[in-house]
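The block underneath contains the structure these notes are about, expressed in structure tokens.
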Amino acid sequence: MFKKDFKNLKNRVPLRNSEILALRRGIASRFALSEEDATLLVPSGLLSAKFITHLDVSGTVLFDSEGTPIWFQSGAGRLAPAELVPTVYTLWKRVFLPIFTTPQMVIDKLRDGADLMAPGIISIRSSYARSLPMEVGEIVCIAAYSQDGNQPPVAVGQLGMSTQKIEETGKGKAVLTLQTYGDTLWQKGSKQDPPQEFVVLGPTQPLPENGPNPPVISTKDDEPQSNDEGGPSQGNDTLSNQEAPQTESADVLTPSDVDQILRNALLYYLHANSDSISFPYSASVLYADGILPFRPSDVNISESVIKNSSYKKLKPFLKSIEKDGILKLKEIGGELAIMAIDHQHPGVQGVRKYRTFADEEKREAKARAIEETQAANAKVMTIVELYKPIGSAVSLFKAIHASTTSHYSITQLRDDILSRYIAEHSLAHPVERGYFKVDDTLKGALLKKSESEEFLRRDDGLQRLAGTCQSWYEIKQEGRAPELRKGKLSPISVVIKTRQGRRAVTLITNFEPFFLVADQLSEELRKLCAAQTSGGYYWITLSLFVDTFDMFAVGSAVSPVLGKPNQTEVLVQGKQGKAVMDYLLDHGVPKKWIEVDDTTEKKKAGAPLAVERELPKERLPIYPTDSPKPEVVEVPTQLESNIRKTREIVTEAYGVGRSRVQTVIDRWIGVEHAVETRLKSLSPPADVEPLFPGALWVGVAMLSGSIFSRGRRISRIIRPPLWGLVAAAFFLPNHTRNVGNYIFELEERYIPAVAKRQQELAANGKRGLESSKDGVQRLRGELDVQMGKVTDFVRSTTGLKLDRKPQDSEKK
């Protein structure tokens with residue numbers, strides 16, 4: 001819930017005394033707290049602040065007068081004691097919630113925001129105010145498992161499933177994590193680590209009849225907690241005294257009690273293993289593997305046996321079960337055996353589940369296995385140096401059809417690449433098999449331009465081939481995803497130096513590739529070396545007064561490496577080479593990847609050489625010689641360095657701006673060139689059709705259309721461009737044709753539907769024009785015929801000689 005920082009955290013507002021008293025009474029009633037404990041957990045001077053998490057969950061958090069968050073509530077409503085959830089800071093004062101234990105490795109996952117799954121639960125310890133079973137939604141706390149059960153709570157959560165379902169299924173999210181040690185809400189407080197000593201509350205006064213039930217402990221290794229003075233707390237004493245009579249009466253079992261215990265154990269075993277029993281089944285095996293392990297875990301194991309029952313022996317006991325119709329028995333070779341089982345019998349089907357001795361043994365075995373896993377050292381990292389072909393080496397890989405994109409180990413380079421190429425091309429030396437002949441392909445891949453070797457040793461060729469390839473490395477460790485990284489891996493450097501005269505420090509660098517984090521490494525080395533953390537101003541103070549105060553002899557700090565801003569170094573005071581080496585080995589770093597350099601030992605070993613130094617082999621001149629002139633090396637000042645950096649930044653910015661402006665200019669020139677080319681393609685040559693004076697007459701036509709349509713709105717809009725278009729077609733036919741073709745191209749490119757419609761209209765118009773011409777031609781023929789008839793009639797009637805030849809010649 002508080003994995004990341006708050007999206008919004010408002011100012012803290014003090015609560016009124018009446019509100020604090022109401023909250024205190026409500027929480028004391030909810031968790032059955034005494035007045036003293038309630039005052040400790042809900043102190044005076046509380047401050048409230050509204051918050052919104054990174055998941056957009058709103059709520060209110062309560063801080064004490066020292067600024068430590070002690071309670072929080074989800075939702076935008078008013079503060080209610082029934083909705084408040086304690087933080088780990090509150091539980092470290094008094095533990096009053098049921099405790100779920102889980103392995104330490106799971107605790108680390110919870111701190112990252114994960115929920116507690118049912119398989120990760122080792123034990124459930126109920127509180128004195130809440131007994132098992134518990135239902136969904138109840139508030140519980142989570143602690144790391146240990147044999148002594150003395151681990152403080154490190155997380156607070158809400159049950160996501162009932163404890164009965166957890167017991168039956170063992171799957172799913174058991175506890176939904178709300179707040180943990182190390183999360184954002186914890187960082188708003190004093191950032192205190194979990195305490196070594198803490199108090200688990202017990203009832204301090206008799207509870208009412210309708211009050212909370214007495215505690216039910218689910219693991220046998222949970223013992224009463226100790227108070228700060230080393231003895232049991234008062235509350236736990238009261239609890240032990242109240243339970244003593246019940247324990248004494250429960251330990252004394254009557255024969256009838258033993259009969260019932262063994263009968264229930266047998267029925268439970270038959271119910272749970274109905275599919276795995278094969279017949280005939282030995283009665284003694286049934287007793288050893290079925291009845292005894294399935295006895296309840298809360299009975300006396302030494303008394304709940306067959307000899308303390310009323311039957312005294314196993315055979316009469318099984319005979320009584322046979323009379324009930326559950327079993328069918330038969331003696332085979334003098335030994336009693338089970339021949340059949342009625343699994344549908346009501347006694348078998350109606351078994352009530354409970355925790356058995358077998359369950360307890362499995363739980364203890366699981367806990368032991370987890371402890372052994374935690375106690376074992378971390379799995380050793382597997383580091384493989386890899387090589388990828390680049391440049392001149394690619395031709396060698398292609399010659400044998402090997403992949404040029406894969407990564408190869410040094411062994412694969414030797415066996416799969418170099419040796420394979422030598423074998424395929426018969427380049428091995430006939431006498432010295434450790435040498436091979438260098439052909440043209442190998443010469444380009446292994447030799448420099450200035451080299452001309454005819455033969456090379458195989459190991460020398462392998463090193464040359466690895467040198468021409470690109471270096472990679474892969475790190476594998478159990479529990480982590482393998483990481484493949486580019487570059488050459490350098491070992492972790494552990495250097496012991498002397499600072500401030502006689503004080504030694506240990507510097508650790510180049511640890512980042514080995515899954516180590518600087519802050520965590522510094523903190524763990526500080527604890528390992530019994531050191532005190534130092535950083536910032538405190539580190540400077542420590543350096544100034546380290547010779548005076550011996551109590552600050554060991555410390556740790558993290559700082560960036562000079563000249564390498566992406567790399568950090570961890571500094572530990574004192575000669576801690578062995579401690580650092582052991583720490584790195586415990587975290588799985590192979591020993592070959594750790595380099596320890598103790599420069600202080602070198603100085604001590606070299607001190608006697610200053611006395612017994614060797615005389616120079618060359619004779620020195622007896623006359624004084626001129627001493628060489630000292631070479632002056634100018635070191636730039638801070639101001640000069642800043643000016644140089646500023647100049648480089650300004651120069652770079654100027655270059656970027658200039659390139660961007662040049663890009664815009666180039667694009668504009670391209671647009672101009674395109675427009676110019678298009679206009680030239682639309683204009684025919686001047687000798688074919690000059691633009692002027694035709695364009696002038698088009699303008700005159702448009703102006704005339706505007707004058708003639710004056711006073712008419714629609715006509716004044718349509719007539720000028722129409723007259724201009726007609727004039728352009730008359731005075732500038734080629735220009736008009738080219739522009740029309742270009743417009744039609746644009747229509748086909750961007751609005752093909754309009755272009756298609758336009759083509760259809762043009763085709764229809766052309767067909768109409770041809771049809772009109774044909775009609776006119778037919779009409780003219782008919783007129784000629786009629787005129788001939790009239791001419792013949794006039795000629796025959798009047799006797800006039802009318803000649804039709806002129807008309808025929810005109811027709812021709």
Please give me the minimum heavy-atom distance between [X] and [Y], naming the atom from each residue.
X: G577; Y: V494; result: CA-CG1, 4.5 Å
X: I121; Y: A174; result: CD1-CB, 3.5 Å
X: E474; Y: P482; result: OE2-CB, 4.0 Å
X: I142; Y: V175; result: CD1-CG1, 3.9 Å
X: Q477; Y: F515; result: OE1-CD1, 3.8 Å
X: F436; Y: R457; result: CE2-O, 3.5 Å

Any donor-acceptor pair under 3.5 Å from [X] side chain to [Y] backbone:
X: S406; Y: S403; answer: no
X: D115; Y: K173; answer: no
X: T568; Y: A518; answer: no
X: E640; Y: T637; answer: yes
X: T441; Y: L396; answer: no
X: T184; Y: K4; answer: yes
X: S522; Y: D519; answer: no
X: H425; Y: L427; answer: no

Looking only at the side chains, is there a donor atom on one of [X] and [Y] sitting less than 3.5 Å from an acceptor on the other?
X: Y421; Y: D416; result: no
X: E524; Y: Y583; result: yes
X: D183; Y: Q179; result: yes
X: T600; Y: D598; result: yes
X: T411; Y: S409; result: no
X: D666; Y: Q662; result: yes
X: D459; Y: Q463; result: no

With side chains defined as the heavy atoms from C-beta onward, is the minimum distance between [X] and [Y] less than 4.5 Å?
X: L116; Y: V106; answer: yes
X: K3; Y: H54; answer: yes
X: K191; Y: W186; answer: yes
X: Q104; Y: S146; answer: no
X: V589; Y: I594; answer: yes
X: F511; Y: L521; answer: yes
X: T506; Y: V495; answer: no
X: L386; Y: L484; answer: yes

[atom2] on [Y] to [atom1] on [X], rounded to 0.5 Å:
X: L489; Y: W472; atom1: CG; atom2: CH2; value: 13.5 Å
X: K443; Y: E453; atom1: NZ; atom2: CD; value: 10.0 Å
X: T102; Y: K109; atom1: OG1; atom2: NZ; value: 12.5 Å
X: E569; Y: T509; atom1: CD; atom2: OG1; value: 7.0 Å
X: L446; Y: L462; atom1: CG; atom2: CG; value: 9.5 Å
X: M381; Y: K476; atom1: CE; atom2: NZ; value: 14.5 Å

What I want to find out is whether [X] reaches [Y] closely enough, with some N-O distance under 4.0 Å, to be called a salt bridge.
X: R464; Y: D460; value: yes
X: E648; Y: K645; value: no
X: R749; Y: E745; value: no

Worksheet item: Less than 6.0 Å separating the ring centroids of F455 and Y435?
Response: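 No: the rings miss the under 6.0 Å criterion.
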Worksheet item: For atom CG of D193, is the number of surrounding heavy atoms from other residues, nucleotides or ligands below 6.0 Å larger than 12?
Response: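 Atom CG in D193 is packed in, count exceeds 12.
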Fill in: More than 12 heavy atoms of other groups within 6.0 Å of E672 CD
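Yes, CD of E672 has more than 12 neighbouring heavy atoms, counting only those of other groups under 6.0 Å.
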Worksheet item: Going through the distances and angles, do E385 and K488 end up as a side-chain contact (heavy atoms from CB on, under 4.5 Å)?
Response: CA-CA 8 Å; E385 294 182 275; K488 187 172 181 61; 3.7 Å; yes
Discussion item. Go through it in stages, so that I can follow the logic: the residues are L442 and L418, the test is side-chain contact (heavy atoms from CB on, under 4.5 Å), and I'd like the CA-CA distance, side-chain angles, deciding distance and then a yes or no.
Written reply: CA-CA 9 Å; L442 292 175; L418 186 60; 4.3 Å; yes
Fill in: Geometric class of the Y408/F397 ring pair [parallel <30°, tilted 30-60°, perpendicular >60°]
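Ring orientation of F397 relative to Y408: tilted.
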Worksheet item: Parallel, tilted or perpendicular: which fits the ring planes of F514 and W593, with parallel below 30° and perpendicular above 60°?
Response: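 Tilted: the ring planes of F514 and W593 meet at 30° to 60°.
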Fill in: Verdict with supporting geometry, K680 and E676, salt bridge (Lys or Arg N to Asp or Glu O under 4.0 Å)
CA-CA 6 Å; K680 287 182 178 180; E676 182 180 0; 3.4 Å; yes
Item to complete: Go through the steps for T498 and R503 under the test side-chain contact (heavy atoms from CB on, under 4.5 Å), then give the verdict.
Response: CA-CA 6 Å; T498 302; R503 288 292 181 179; over 6 Å; no
Worksheet item: Step by step, would you call D5 with K188 a side-chain contact (heavy atoms from CB on, under 4.5 Å)?
Response: CA-CA 10 Å; D5 199 1; K188 298 298 180 182; 4.0 Å; yes
Worksheet item: Is R485 close enough and on-axis enough to Y473, meaning under 6.0 Å and within 45°, for cation-pi?
Response: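 Ring-cation test returns no.
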Fill in: Intermediate values then yes/no, ring pair (Phe, Tyr, Trp, His ring centres under 6.0 Å), F2 and F51
CA-CA 11 Å; F2 302 104; F51 66 83; 5.7 Å; yes
